[in-house]
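Structure first, then comments.
Scope of the values below: all heavy atoms of this structure, side chains included, with no hydrogens, waters or symmetry mates. Each chain gets a letter, A, B and so on, in the order the sequences are listed, and its residues count up from 1.
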Amino acid sequence: MTVIDIFNRLLSHYGFQNWWPIVENGVSVYSPEFRMRSRTCDEIFEIAVGAILTQNTAWKNVEKAIINLKQAGVLSYKSILNLPVENLASLIKPSGYFNQKAKKLKGFAEFIDKRLDCNIENLRKFDTLTARNLLLEIWGVGYETADSILLYGLNFPIFVVDAYTHRIFSRMGIIRQDFKYETIRLFFENNLPKDHLIYNEYHALIVKHGVNKCRKKAICDNCVIRDICPY
DNA sequence: CGCCAGGTTGTTG
DNA sequence: CAACAACATGGC
């Protein structure tokens with residue numbers, strides 16, 4: 001049973017997830033159209049903001065924060081650059097850790113302004129790992145956040161690892177408990193075609209399965225991969 | 001009500 | 001380098 005087999009299982013069970021969502025009219029929209037085209041500048045920025053806000057936080061709370069930002073008309077790097085950090089913190093309160101995250105968003109906006117010449121798409125001018133290392137220099141942007149921005153915002157072929165990835169695949173005995181982020185990322189990248197669409201869908205499916213079934217307290221009955229899981 | 005969520009950083013041994 | 005604390009709201 002390979003990681004590709006597991007991908008196929010999850011995909012036929014849950015269907016396409018169409019990540020990353022864009023918030024429209026107060027709801028997160030997961031559209032199949034997203035895989036057909038490049039993201040717009042505004043979408044890339046929203047994805048990056050979402051990636052920062054969702055750090056150790058349920059998406060529902062992030063959604064509320066993004067709605068607040070949109071309603072206030074400040075979901076752009078320029079607005080966030082000019083908005084007092086206290087006001088920003090207040091808008092993103094529902095996403096939790098709001099003081100820290102406000103500072104992180106500020107840092108990210110500053111990064112676009114200073115390092116990317118005011119255009120987030122300038123990240124495309126770099127190769128994957130160079131772009132990644134640039135993002136990782138930003139305070140508040142770690143591996144998963146950087147990789148989410150690269151994969152979901154810019155379609156770079158980089159596999160996103162998260163807590164669910166670690167939990168599901170260690171429970172299955174496919175990776176070891178003590179594997180760290182980079183080890184897990186490389187494991188997936190080495191066992192899959194180098195294709196951003198596959199990385200995109202796979203990670204989204206992992207989250208789906210983690211949220212639905214493979215929680216901290218696992219719900220193993222009717223699990224789509226139960227027969228190949230020793231847990 | 002208690003647990004936990006699509007992590008990251010700073011501190012300490 | 002590993003372990004641990006701090007950061008915080010809201011859904012179930």
Given the P atoms of dA8(C) and dG10(B), what is the spacing between them in whole Å?
-> 14 Å

For the ring pair (Phe, Tyr, Trp, His ring centres under 6.0 Å) test, which of Trp19(A), Tyr164(A), Phe159(A) pairs with His203(A)?
-> Trp19(A)

Take Asp227(A) and Arg9(A) through the test salt bridge (Lys or Arg N to Asp or Glu O under 4.0 Å) and record every step on the way to the result.
-> CA-CA 12 Å; Asp227(A) 61 312; Arg9(A) 285 257 192 128; 2.7 Å; yes

When the ring planes of Tyr181(A) and Tyr143(A) are compared, do they come out parallel, tilted or perpendicular, using 30° and 60° as the limits?
-> parallel

Should the pair Glu201(A)-Arg35(A) be classified as a salt bridge under the 4.0 Å nitrogen-to-oxygen rule?
-> yes

Contact under 4.0 Å: Arg167(A) side-chain N or O vs dA5(B) OP1/OP2 | yes

Whole-Å distance, Arg215(A) CZ to dG6(B) P, equals 10 Å

More than 12 heavy atoms of other residues, nucleotides or ligands under 6.0 Å from CD of Glu189(A): is that the case?
-> yes

For the pair Glu121(A) and Arg39(A), find out whether any cationic side-chain nitrogen is under 4.0 Å from an anionic carboxylate oxygen.
-> no

Want to settle it: does Lys60(A) or Asn56(A) sit nearer the 5' end of DNA chain C, counting the closest nucleotide to each?
-> Asn56(A)

Nucleotide dG7(B), atom P - distance to CG of Asp147(A) in whole Å | 13 Å

Taking Watson-Crick and G-U wobble contacts under 3.5 angstrom, with | marking pairs to another strand and [ ] crossing pairs, the secondary structure of DNA chain C is written |||||||.||||

Could you state the CG-P distance from Leu53(A) to dA5(B), rounded to the nearest angstrom?
-> 18 Å

Is any side-chain N of the basic residue among Lys70(A) and Asp42(A) closer than 4.0 Å to the acidic one's carboxylate O?
-> no

With Phe7(A), the ring pair (Phe, Tyr, Trp, His ring centres under 6.0 Å) member among Tyr202(A), Phe16(A), Tyr14(A) = Tyr202(A)

Mind checking Val141(A) for me? I need base, sugar-phosphate or nothing, with any heavy atom below 4.0 Å counting as a touch.
-> sugar-phosphate

Could you give the NZ-to-P distance, from Lys216(A) to dG11(C), as a whole number of Å?
-> 20 Å

Nearest-Å distance, NZ (Lys64(A)) to C1' (dG6(B))?
-> 17 Å

Mark this stacking check for Trp59(A) against dG6(B) as yes or no, applying ring centres under 5.5 Å and ring planes under 30°.
-> yes

So what does Ser148(A) hit on the nucleic acid, given a heavy-atom distance under 4.0 Å: a base, only sugar-phosphate, or nothing?
-> nothing

When you check the gap from the basic side-chain N to the acidic O, do Arg115(A) and Glu110(A) get nearer than 4.0 Å?
-> no

Arg132(A) with Glu182(A): basic N within carboxylate O range, under 4.0 Å = yes

Close residues, residues 19-43 of chain A, relative to DNA chain C [heavy-atom separation under 4.0 Å] | none

Could you measure between the two P atoms, the one in dC4(C) and the one in dG6(B), and give it in whole Å?
-> 24 Å

Under 4.0 Å between any heavy atoms, over every strand shown, what does Val211(A) touch: base, sugar-phosphate, or nothing? Just pick one.
-> sugar-phosphate

How close or far is atom P of dG7(B) from atom CH2 of Trp139(A), stated in whole angstroms?
-> 16 Å

Asn212(A) CG to dA5(B) P, in whole Å, measures 13 Å

Pair Arg185(A)-Glu144(A), salt bridge (Lys or Arg N to Asp or Glu O under 4.0 Å): steps then yes or no = CA-CA 10 Å; Arg185(A) 176 175 71 83; Glu144(A) 185 183 339; over 6 Å; no

Report which part of the nucleic acid Ala163(A) touches: base, sugar-phosphate, or nothing (heavy-atom distance under 4.0 Å, all strands).
-> sugar-phosphate

Heavy atom of residues 86-112 of chain A under 4.0 Å from DNA chain C: which residues?
-> Lys93(A), Pro94(A), Gly96(A), Tyr97(A), Phe98(A), Asn99(A), Gln100(A)

Distance, rounded to the nearest Å, where Ile184(A) contributes CD1 and dG6(B) contributes P = 17 Å

Proximal nucleotide (of dG7(B), dA2(C), dT9(C)) relative to the Thr145(A) side chain = dG7(B)

What about the rings of Phe188(A) and Phe169(A), do their centers lie closer together than 6.0 Å?
-> yes

Looking for any heavy atom pair under 4.0 Å, which part of the strands does Ile138(A) touch: base, sugar-phosphate only, or nothing?
-> sugar-phosphate

Determine the Euclidean distance between corresponding P atoms of dC3(B) and dA5(C); express it in Å to zero decimal places.
-> 16 Å

Return yes when atom NZ of Lys213(A) has more than 12 non-hydrogen atoms of other residues, nucleotides or ligands closer than 6.0 Å, and no otherwise.
-> yes

